[in-house]
Amino acid sequence: MSAAAVGGESPLRRALRSGRVVVGGSILVVLLFCAAAAPLIAPYDPNEQDLLNALKGPFWTDNAAPGFWLGTDNLGRDTLSRLIYGTRVALFVAVCAAVGTMLMGTALALLAGYFGGVIDWLISRAVDLWMSFPPVVLSLILIVGFGVGIGNVILAIILVDWTRFCRVVRSEVLVIRRQNYVDAARLSGFSHMRTMVREVLPAAAPTIITLMSLEMGIAVIVEAILSFVGMSVEASIPAWGVMIADARNYMYQSAWGLVLPILAIVTTVLAFNLLGDGLRRTFDARLQQH
Amino acid sequence: MSLLALNDVNVTTEAGGRRIDVLRDVSLAVGRGELVGVVGESGAGKSMVGRLIAGMLPKGFATSRGSVTFLDRDLLAMAPRERTGLLGDAIAFVPQHPMTSLNPVLSLGAQFDEHLRRLGQDGKAARRERALAALDSVHLPRPADLLGRFPHQLSGGQCQRALIAMAFAGKPDLIVADEPTTALDVITQARVMELIDELQRDSETGLLFITHDLRLAAQHCQRLAVMYAGEIVETGPAAALLSDPLHPYTRSLVAANPGIAGPVRRLAALPDHMPGLSGFADLPGCRFAPRCPVRDAACAAARTALTEVVPGRFVRGAGACRKQASALAGQDELPRAAADAAAPPILSVDGLGKTFRSGRDWLGRRRAPVVAVDGVSLDIAPGEFVGLVGESGSGKSTVARLLLGLETPDGGRIVVDGQDITGPFQRTAKQRIALIQMIFQDPQSALNPRQRIGRLVTQSMEVRRPPARWPERLERARDLLGQTGLPQDTIGRYPVQVSGGQRQRVNIARALCTAPKVLVADEIVSGLDVSVQAQILNLLLDMRAQRQISMLFISHDLSVVRYLCSRVAIMNRGQIVEQGPTEQVFRAPQHDYTKALLAAVP
């Protein structure tokens with residue numbers, strides 16, 4: 001519903017009253033800060049090795065080394081610094097992949113839902129077909145095809161996940177399309193393009209924003225999986241998936257190298273999901289209490 | 001002895017830190033075998049009366065004063081369990097929306113069975129017998145067949161009959177029917193009301209009939225109570241109340257209702273609209289005072305009470321309300337705008353047809369095509385209002401969509417002001433936009449909730465070549481708001497921030513923006529309250545007088561069509577079965593369908 005439907009209060013202000021949005025949003029602000037200011041706040045260069053202090057634990061364990069707050073990995077690289085730098089890869093992929101899936105999915109959903117008929121049939125069948133592939137296998141195949149690299153990871157996520165947007169937004173557009181104001185816009189002489197952008201799209205925006213937030217969480221996981229198997233960034237760039245893969249061989253000596261990046265992933269995904277869920281609740285009129 | 005009696009009941013809620021009496025001093029009695037009508041516009045609190053009796057007040061609402069006695073027992077003091085026991089058994093309800101009041105996944109038989117079991121009927125066979133008898137009593141054909149059916153396989157009228165059968169099956173002492181016919185077509189409504197009359201006559205059941213339709217209530221009820229803003233303003237025998245209303249509100253309600261016979265007078269429309277719940281707190285005295293044509297300075301502060309004016313007739317308010325009856329006397333008879341028959345028609349429709357071919361079923365067989373519009377021909381002269389009347393599903397809305405180009409016709413020709421605009425929308429859009437515009441039925445859905453009214457009414461200027469600049473649009477918007485009687489400050493508001501009647505005016509203003517030759521109005525007053533409807537109808541009449549605008553007025557309401565239109569076309573199953581001058585068609589209908597429609601008008 002529109003802002004005015006609830007007594008003129010802006011949607012942003014309403015969203016900020018939801019605990020989920022505040023918690024999820026706060027975590028993400030912190031993560032964004034880490035990513036942006038990584039060289040300033042990280043105590044070490046993420047690739048700087050200190051072989052004398054390899055496989056140290058965090059400061060609260062017996063095995064801690066002074067100066068390495070969260071310990072080190074097998075090459076003596078500072079875990080905290082690598083986690084901070086890893087945020088950059090995670091968030092970059094999250095934002096790019098979510099924007100990409102949104103653009104592709106929403107554009108096709110608008111066409112399908114607005115025009116209906118043959119166009120709708122074609123796009124909907126393509127989505128059905130696409131969704132019948134297991135997503136992880138599909139993304140691995142795509143990466144094998146495209147080659148390794150962060151750009152290709154983003155591309156793979158877009159190509160796998162646009163269907164999620166397309167399905168949900170299409171059903172939303174179908175409902176909006178039936179509103180008389182869409183017909184009224186046509187009768188005022190609006191072109192199809194203008195009608196879609198001016199009348200239909202704003203009404204679907206809450207759904208799109210919510211989906212984007214959830215998609216970012218998914219993108220973080222997919223990126224971690226692909227960098228875990230070495231198909232994402234180069235080895236010299238610190239990423240959470242790479243850290244997990246590195247620490248896996250030494251998990252019996254020091255489990256912390258495994259636990260900490262996993263925690264980072266879980267926190268990030270949780271933040272995106274909380275934000276998405278909170279936004280959905282504030283936008284969805286059915287869940288609002290009166 | 002009365003069956004049900006409400007004595008000075010107040011129902012109170014809290015909003016914005018203030019106590020609000022949603023119902024104030026409501027007293028009402030229903031005797032055995034009596035049919036009592038509660039009449040009011042939306043927001044008057046009439047449904048709250050039904051909920052009070054059912055013990056289903058919404059959360060946050062509570063009875064703060066008074067008593068509700070049923071068979072000499074106080075319903076409010078009763079334990080909830082005991083009270084629930086009465087429902088269905090001694091007190092039955094007939095709901096407003098028959099289709100959604102039945103469980104869609106259970107057959108009618110299963111629901112009847114459950115209902116009768118709750119009423120204490122033992123034995124499945126006996127229950128089936130009773131169900132069959134009940135369905136038979138509401139004149140549903142082949143009851144045994146119906147018991148195996150699911151709600152979606154029945155029409156709205158059939159569902160409502162089944163629900164009425166259920167309500168009467170338990171031989172209750174009291175039935176509360178909340179707008180039982182509002183969702184139904186005119187002819188179905190007449191039949192369902194006849195049925196209620198008949199069942200009620202044969203039993204000792206008292207019936208409380210809640211409706212917005214004063215005429216319908218007056219036709220069927222013995223006594224009426226008229227509600228306004230949570231108060232009963234007048235009660236009395238139905239016939240006397242309709243022919244000689246005493247309270248100014250009742251009087252204006254009668255005056256705002258166009259008649260189906262007799263002289264056509266300009267409707268006396270009340271200004272403004274009924275206050276919402278939160279507005280009640282600002283009205284300590286007479287709640288009708290702000291709209292009352294005969295108010296004086298004391299009214300806004302004076303608490304009013306129901307007083308017996310004529311034996312059996314109670315009216316709320318001071319003596320002043322009734323003294324100045326002359327101030328509300330009927331208006332002058334409207335001159336019938338005789339269209340210039342010699343002039344070439346501004347809109348000419350010839351042999352218009354549309355068939356919907358709706359895909360295939362799950363076995364891949366072609367579904368039978370639906371002929372929505374079949375050879376419709378129609379002319380409208382400049383400055384003429386023509387009514388298109390039909391029940392839901394008659395194809396009248398499809399005619400509107402065809403005229404506007406929202407659907408492409410299979411055959412026929414549409415000519416507006418000498419220009420053929422039959423083709424698909426893309427090719428004819430430029431011509432159409434300046435020639436013909438539509439006023440949509442539901443302003444809620446027809447106005448984009450995300451745009452301000454100033455933008456909405458001038459949206460057609462946005463795509464003009466060269467595009468209109470904002471100051472120019474603003475000026476046009478002011479002009480349009482003025483023409484449709486909207487206050488200038490609505491220009492910057494969102495549609496949800498104005499009342500329903502104002503929203504419909506915005507809708508009209510937008511259609512006027514391109515100064516079209518012909519307007520198509522699809523059921524534009526059906527969702528409005530009577531007093532607001534009268535305002536809109538008068539606005540349309542004024543527009544015709546000032547601007548020589550022509551209109552195809554689509555409606556199911558014959559009395560509204562008679563008020564506005566000089567000619568009328570009656571539509572049934574996609575065809576126009578009769579057309580001619582309104583008075584002639586209404587006085588001497590030729591086609592059986594027209595006769596049935598006219599007979600069904602309350």
Using non-hydrogen atoms and a 4.5 Å limit, figure out which bit of [X] sits close to chain A: side chain, backbone, both or neither.
X        : value
B/Arg493 : neither
B/Leu447 : backbone
B/Arg455 : side chain
B/Arg464 : neither

Would you mind telling me which of [options] has the largest number of heavy-atom pairs within less than 4.5 Å of chain A?
options                                : answer
B/Asp442, B/Asn448, B/Val463, B/Leu456 : B/Asn448
B/Arg432, B/Gln441, B/Gln451           : B/Gln451
B/Lys430, B/Arg401, B/Lys59            : B/Arg401
B/Pro495, B/Ser460, B/Ser445, B/Ala446 : B/Ser445

Any donor-acceptor N/O pair, [X] side chain to [Y] backbone, under 3.5 Å:
X        : Y        : result
A/Thr282 : A/Gly278 : yes
B/Thr514 : B/Ile433 : yes
A/Ser213 : A/Ile209 : no
A/Ser18  : A/Val21  : yes
B/Thr422 : B/Ile414 : yes
B/Asn507 : B/Phe440 : yes
B/Arg19  : B/Thr12  : no
A/Arg20  : A/Arg281 : no

Where along residues 191-202 of chain A does a heavy atom come under 4.5 Å of chain B, listed by residue number?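 A/His192, A/Arg194, A/Arg198, A/Glu199, A/Pro202, listed by number.
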With a 4.5 Å heavy-atom cut-off (strictly below), which parts of residues 111-128 of chain A touch chain B? List them by number.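 Contacts with chain B: none.
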Side-chain contact, heavy-atom cut-off 4.5 Å: [X] with [Y]?
X        : Y        : value
A/Arg167 : A/Thr163 : no
A/Trp130 : A/Leu138 : yes
A/Leu187 : B/Gln437 : yes
B/Val457 : B/Val506 : yes

Within a reach of under 6.0 Å around CD of B/Gln488, are more than 12 heavy atoms found that belong to other residues, nucleotides or ligands?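 Enclosed: over 12 neighbouring heavy atoms sit under 6.0 Å from CD of B/Gln488.
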